[in-house]
Amino acid sequence: MINLYIALQHNVPVPKDIPLPLPMPEWFFVVVLVLSFLLHILFVNLMLGGSILALIAQIKGLKNKEYDILAHEIAKTITVNKSIAVVLGIAPLLSINVLYTIYFYSANALTGLMWIAVIPLVTVAFLLTYLHKYTWETLENHKAVHISILALATVIFLFIPFIFLTNINLMLFPEKWAVVKGFVDALFLPNVFPRYLHFILSSLAVTGLFIFWYNSRKNYHFEEIYQKFTRYDIQKKGYSLALTASICQFMIGPLVLLTLPSKGMGWNLILVIFSGVAFAVPAMWLIWKRLTGEKENIEKDFYKIAMLLGITVLCMGSGRQIYRANSLEKHRELVRIKTDEFQVLKKQTLAKVKEAEAGAASADMSEAEKGQKVFGQYCASCHKIDEKLVGPPVLEMAKIYKGNAADLQKWIKNPGKKRPDYPQMPGFESQLDQQKLDQLAEYILTIK
């Protein structure tokens, strides 16, 4: 309660949660979120990195035909990787909605139209990549137009991550929700730009490894496609890009870490991050070793490198989730307190509503209906409506005292013995107040 009061005093929004149980244990959704997100982001990296490299290669292809061929080969993969990225994006989106409903939707609402704009932006970018891919020969003599199509798609692909990163970052800072006035405000919160740069570098690093693998396949008819480039030339370009981008990531990494607000830091996060670094260093050393070694050995250790970097990516993805959990831990506890308070208040309100409804229902009953209840409580054990039970039937009473409620009430309070074949009726003077007597008499006299 004290924490909740402090939070409210500091203008931190503390909404109540939806009190619904998760269909599976929370750890299950965390695992699904981390693993599915890493698979999704892998193909997003390939889509973005491929677009950037294809654009650069096609521009260079204006002077060197071999680069134009390279751009065409990369462009063929962009739409495939894009489709896989879209399909694999469903699981992490659903998982984060389940685990962090309040936070994710609050960030969406605060970034408003820009978040909604993701759908048309993605649609336009996807259509442009298809247009670029399937008009290669048609626009062969109009390279400026053809390159412009890919350039526009690439610019959109570069902008969309800004929206996602801004949203994901904003959901970690409930204390900022009251002051953020839209997308631009949220964009300049700490850590957005360093994380964006780190993301772009990771896209280039992953795409570099992909270019190496794609051109190393034995069933890839490399010599039939290129005229001057050798397989080694492209492999070297792929490894060089992967190594350069990874080194730049190492340089930008400390900035990303330092711009993270301290509320999410913890030894568990530090341990996971440095574990990832420990696997990345030997991978980078192996790439360097292959780049500076004999040509015929360049394909050696590729899968070892991919595995080491894969573990690094897994560590970084896990670190992202750890930081998210650390950052929101205290606020989620406040939300739990608020939700519990709401549940108690809800029960109390429902009880009052039921009580009021019962009172209203009682008030709406006629005096005869209320008298029927009194009869059922005090008289029904000895009297029936139209036949003898212990005492005479009620119909007889109604006939004897018709239009004479006062005498009926006197008899009920202090009855005498009129008939030898009936037992003495007990008096109810001490058990029935005047209101109940009025109601009972009203009911008896209405029976026909």
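As the structure is a computational prediction, the values presented were derived from the model and not from experiment.
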inquiry  = Would you compute the distance between atom CG of Leu110 and atom OG1 of Thr166 and round it to the nearest 0.5 angstrom?
reply    = 12.0 Å
Non-hydrogen atoms of Val272 and Ser318 that approach each other most closely = CG1-CB, 4.2 Å
inquiry  = Minimum heavy-atom separation for Tyr323 and Pro261, please, with both atom names.
reply    = OH-O, 2.7 Å
query = Has Gln227 got more than 12 heavy atoms of other residues, nucleotides or ligands less than 6.0 Å from its CD?
reply = no
inquiry  = Tell me if the OH atom of Tyr232 is crowded by more than 12 foreign heavy atoms within 6.0 Å.
reply    = yes
query = What are the two closest heavy atoms between Ser240 and Leu291, and how far apart are they?
reply = OG-CD2, 3.7 Å
request  = Please step through side-chain contact (heavy atoms from CB on, under 4.5 Å) for the pair His331 and Val335, ending with a clear verdict.
outcome  = CA-CA 6 Å; His331 190 268; Val335 172; 3.7 Å; yes
inquiry  = When you compare the side chains of Gln58 and His146, does any donor N or O come within less than 3.5 Å of an acceptor on the partner?
reply    = yes
request  = Given side-chain contact (heavy atoms from CB on, under 4.5 Å), test Asp433 with Leu437 step by step and report yes or no.
outcome  = CA-CA 6 Å; Asp433 57 25; Leu437 279 170; over 6 Å; no
request  = Return the orientation label for the Phe212 and Tyr239 ring planes: parallel under 30°, perpendicular over 60°, tilted otherwise.
outcome  = parallel
Note: Glu333-Lys330 ion pair, threshold 4.0 Å (strictly below) = no
ask   = Is the shortest distance from a Lys or Arg side-chain nitrogen in Glu299 or Lys236 to a carboxylate oxygen in the other one below 4.0 Å?
value = no
Sub-4.5 Å side-chain heavy-atom contact between Leu113 and Phe183 = no
inquiry  = I want to check something: taking the side chain as every heavy atom from C-beta on, are Pro174 and Leu328 in contact at a cut-off of under 4.5 Å?
reply    = yes
note = Smallest heavy-atom separation, Leu257 atom then Met265 atom, equals CD1-CE, 3.9 Å
ask   = With no hydrogens and no angle check, is any side-chain donor or acceptor of Arg231 less than 3.5 Å from a backbone partner on Arg217?
value = yes
query = Can you name the nearest heavy-atom pair linking Asp185 to Val179, along with the distance?
reply = OD2-O, 3.8 Å
Any Leu53 side-chain heavy atom under 4.5 Å of Leu70 side chain = no
ask   = For atom CD of Glu223, is the number of surrounding heavy atoms from other residues, nucleotides or ligands below 6.0 Å larger than 12?
value = yes
Distance in Å, Leu260 CG paired with Arg320 CZ, rounded so as to fall on 0.5 Å steps = 10.0 Å
key: Where at least one partner belongs to residues 12-67, residue pairs that pass ring-ring contact (aromatic ring centres under 6.0 Å, His included), sequence neighbours excluded   = Tyr67-Phe229
request  = Go through Leu121 and Ile163 one step at a time and tell me if the side-chain contact (heavy atoms from CB on, under 4.5 Å) criterion holds.
outcome  = CA-CA 11 Å; Leu121 286 173; Ile163 301 176; 4.0 Å; yes
message = Looking at Lys263 and Glu329, is any side-chain nitrogen of the basic one under 4.0 Å from a carboxylate oxygen of the acidic one?
response = no
Side-chain donor-acceptor pair present, Thr230, Asp233, cut-off under 3.5 Å = yes
inquiry  = Just by distance, no angles: are the side chains of Asn167 and Thr111 close enough, under 3.5 Å, to form a donor-acceptor pair?
reply    = yes
query = Considering residues, nucleotides and ligands other than Ile119, do more than 12 of their heavy atoms fall under 6.0 Å from its CD1?
reply = no
ask   = Where do Tyr105 and Trp115 land on the ring-ring contact (aromatic ring centres under 6.0 Å, His included) test, with the steps shown first?
value = CA-CA 11 Å; Tyr105 280 104; Trp115 174 250; 9.1 Å; no
ask   = So, Tyr226 and Lys65: side-chain donor and acceptor under 3.5 Å apart, yes or no?
value = no
inquiry  = Is any side-chain heavy atom of Tyr103 closer than 4.5 Å to one of Arg332?
reply    = yes
Neighbour count >12 (heavy atoms, 6.0 Å) for atom CD, Glu296 = yes
For residues 86-100, run the donor-acceptor check on the side chains, cut-off 3.5 Å, and write out each pair with its distance to 0.1 Å, sequence neighbours left out.
from: Ser95; atom 1: OG; to: Ala91; atom 2: O; distance (Å): 2.8
from: Asn97; atom 1: ND2; to: Leu93; atom 2: O; distance (Å): 3.1
from: Tyr100; atom 1: OH; to: Gln321; atom 2: NE2; distance (Å): 2.8

request  = Step through the shown structure and confirm whether more than 12 heavy atoms of other residues, nucleotides or ligands are within 6.0 Å of CD on Gln434.
outcome  = yes
query = For Tyr130, does its backbone N or O pair with a side-chain atom of Thr79 as donor and acceptor, under 3.5 Å?
reply = no
task = Begin from the C-alpha positions of His72 and Ile225 and carry the test side-chain contact (heavy atoms from CB on, under 4.5 Å) through to its verdict.
result = CA-CA 10 Å; His72 191 195; Ile225 299 171; over 6 Å; no
message = Side chains of Tyr220 and Glu73: any donor to acceptor distance under 3.5 Å?
response = yes
task = Measure from the side-chain N and O atoms of Asn81 to the backbone N and O of Val44, and report whether any donor-acceptor pair falls under 3.5 Å.
result = no
query = Is Arg290 positioned over the aromatic face of Trp288, cation under 6.0 angstrom from the ring centre and no more than 45 degrees off axis?
reply = no
Whether over 12 other heavy atoms sit under 6.0 Å from Tyr134 OH = no
ask   = Considering only heavy atoms from C-beta outward, does the side chain of Met171 approach that of Ser106 to under 4.5 Å?
value = no
inquiry  = I'd like to know whether NZ of Lys295 has more than 12 heavy-atom contacts from other residues, nucleotides or ligands below 6.0 angstrom.
reply    = no
key: Atom pair CD1/CD1 of Ile234 and Ile211 - distance to nearest 0.5 Å   = 8.0 Å
key: Parallel, tilted or perpendicular: ring planes of Phe162 versus Tyr196, cut at 30 and 60 degrees   = parallel
key: Distance in Å, Leu139 CG paired with His132 NE2, rounded so as to fall on 0.5 Å steps   = 9.0 Å
task = Please round to the nearest 0.5 Å and tell me the distance separating atom OG of Ser275 and atom CD1 of Ile311.
result = 10.5 Å
ask   = Is the side chain of Lys82 donor-acceptor paired with the backbone N or O of Met47 at a distance under 3.5 Å, no angle test?
value = no
ask   = Going from CG on Asn169 to OG1 on Thr259, what distance comes out if it is rounded to the nearest 0.5 angstrom?
value = 8.5 Å
remark   = Of all heavy-atom pairs linking Thr312 and Gly276, the shortest is OG1-O, 2.9 Å
query = Are Phe199 and Asn45 side-chain neighbours, meaning at least one heavy-atom pair lies under 4.5 Å?
reply = yes
query = Among all residues two or more places apart in sequence or in another chain, which pass the side-chain contact (heavy atoms from CB on, under 4.5 Å) test with Asp340?
reply = none
task = Check whether any side-chain heavy atom of Tyr214 sits under 4.5 Å from a side-chain heavy atom of Ile74, and report yes or no.
result = no
request  = Report yes or no: is the cationic atom of Arg195 (NZ for Lys, CZ for Arg) under 6.0 Å from the centre of the six-membered ring of Phe193, at an angle within 45° of the ring normal?
outcome  = no
request  = State, yes or no, whether a side-chain contact exists between Lys304 and Leu286 at a heavy-atom distance under 4.5 Å.
outcome  = yes
